Chemist: 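What follows is a structure written as structure tokens; I'll ask about it next.
Side chains are part of it too, since the values below use all heavy atoms of this structure and drop only hydrogens, waters and symmetry mates. Just so it is clear, the model here is predicted, and its values are computed rather than measured. In each ligand, atom 1 is the first atom listed, and ligand 1 is the first ligand listed.
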Amino acid sequence: MKKLKYRAAAFFLAASLAAVPISSSEQRKIVSKVETDEKVVALTFDDGPHPRTTAEILDVLREFGVRATFFNVGENAEKRPELTAREAFEGHEIGNHTFSHINVKRLSREDLKTQLLETEKAVMNAAGLKTTLFRPPEGRIGEAGEDEAWKLGYTVVLWSVDTRDWTHRSAEEIAKTVTENVKDGDVILCHDFISGESHTAEALRIFLPVLIDEGYEFVTVSELISKKSP
Ligand SMILES: [Zn+2]
């Protein structure tokens with residue numbers, strides 16, 4: 001009887017895994033934004049986790065009750081597992097941004113697979129989650145890269161609003177880019193690590209209250225995808 005129960009459970013699990021629409025053509029499309037009737041946006045942070053800025057950004061997000069998606073670099077997650085764990089614990093989604101922040105277009109399929117799986121392992125060890133979203137560094141991805149990521153079950157995610165926070169521009173300029181360009185269904189690109197001085201956390205303090213006042217709801221990228229209009 002027990003055996004049968006386990007078998008039924010295994011069958012149910014297999015059936016539910018099969019139901020995940022990773023093989024649909026929809027899943028293969030690169031996501032830069034989502035057509036939706038809802039007033040939702042996804043805030044994303046690349047290149048961390050890093051001790052200098054990730055913790056500060058997490059503090060600001062918590063203060064405003066905003067959830068985001070962090071595209072971790074695997075070697076950073078390996079060095080700072082406590083920050084990746086905190087991201088997950090505070091309700092944020094974690095995506096894959098390669099292990100060593102490398103140009104995907106220059107990689108063989110085998111090397112891209114290693115980059116993705118090593119990052120997957122680092123995030124799993126830190127936060128107990130499997131990454132399913134992939135953002136290639138600098139948005140560069142060829143057809144082979146796209147195909148390999150898809151085969152590993154990933155949805156490729158780019159962005160539709162670029163804050164250009166990595167250019168060290170001021171918090172006011174970063175905030176203005178967001179408040180003047182944001183529309184329903186956008187994916188906003190920020191960084192929780194840049195080399196040199198970052199004004200990203202300061203910019204969040206300016207634009208988050210504006211967008212909240214305008215009625216925007218901040219969702220994770222996976223949630224945003226689920227809000228696509230039929
Ligand atoms: Zn990056």
Side-chain angles (χ1 to χ4, degrees), residues 30-33 41-58 60-61 67-81 83-84 86-88 92-107 111-123 126-127 129 131-142 144-146 148-150 152 154-169 171 173-174 177-178 181 186-204 220-222 224:
I30 292 182
V31 176
S32 301
K33 62 172 295 173
V41 281
L43 192 53
T44 66
F45 296 91
D46 289 7
D47 298 0
H50 191 272
R52 201 174 58 220
T53 36
T54 306
E56 195 187 353
I57 285 171
L58 284 168
V60 180
L61 296 178
R67 286 181 310 124
T69 302
F70 286 84
F71 286 93
N72 277 203
V73 168
E75 62 185 1
N76 293 345
E78 216 172 63
K79 274 185 229 155
R80 290 286 170 174
L83 286 170
T84 298
R86 186 180 159 195
E87 288 166 1
H92 306 293
E93 183 165 26
I94 300 174
N96 194 322
H97 196 46
T98 72
F99 191 78
S100 53
H101 203 267
I102 198 160
N103 181 348
V104 169
K105 274 188 153 177
R106 295 208 183 128
L107 292 177
D111 286 346
L112 173 58
K113 189 175 175 185
T114 306
Q115 287 274 337
L116 286 170
L117 293 181
E118 286 295 303
T119 305
E120 221 174 273
K121 199 165 87 186
V123 172
L129 297 172
T131 50
T132 59
L133 305 176
F134 172 48
R135 175 173 282 160
E138 291 168 24
R140 295 168 199 255
I141 188 163
E146 227 179 286
E148 199 55 39
W150 174 75
L152 291 169
Y154 279 91
T155 299
V156 177
V157 179
L158 299 180
W159 56 85
S160 50
V161 176
D162 183 358
T163 63
R164 297 179 60 78
D165 57 345
W166 56 273
T167 62
H168 309 289
R169 60 210 300 241
E173 284 175 302
I174 296 169
T177 299
V178 176
N181 295 292
D186 269 332
V187 177
I188 303 169
L189 171 66
C190 300
H191 293 80
D192 63 321
F193 170 64
I194 59 171
S195 70
E197 206 184 344
S198 166
H199 303 290
T200 307
E202 208 185 324
L204 289 172
T220 64
V221 170
S222 288
L224 186 74

Chemist: Minimum heavy-atom separation for H97 and R135, please, with both atom names.
Modeler: ND1-O, 2.6 Å
Chemist: Do you know the tightest heavy-atom contact between L112 and L107?
Modeler: CA-CD1, 3.9 Å
Chemist: Can you give the angle H101 NE2 - the Zn ion (ligand 1) - H97 NE2, rounded to 10°?
Modeler: 100°
Chemist: Angle class for the F193/H50 ring planes (parallel below 30°, perpendicular above 60°, tilted otherwise)?
Modeler: parallel
Chemist: Parallel, tilted or perpendicular: which fits the ring planes of F70 and F45, with parallel below 30° and perpendicular above 60°?
Modeler: parallel
Chemist: Within less than 2.8 Å of the Zn ion (ligand 1), any N, O or S from H191?
Modeler: no
Chemist: So, is D46 placed with an N/O/S atom under 2.8 Å from the Zn ion (ligand 1), counting both backbone and side chain?
Modeler: no
Chemist: So which of the N, O or S atoms of D47 lies nearest the Zn ion (ligand 1)?
Modeler: OD1
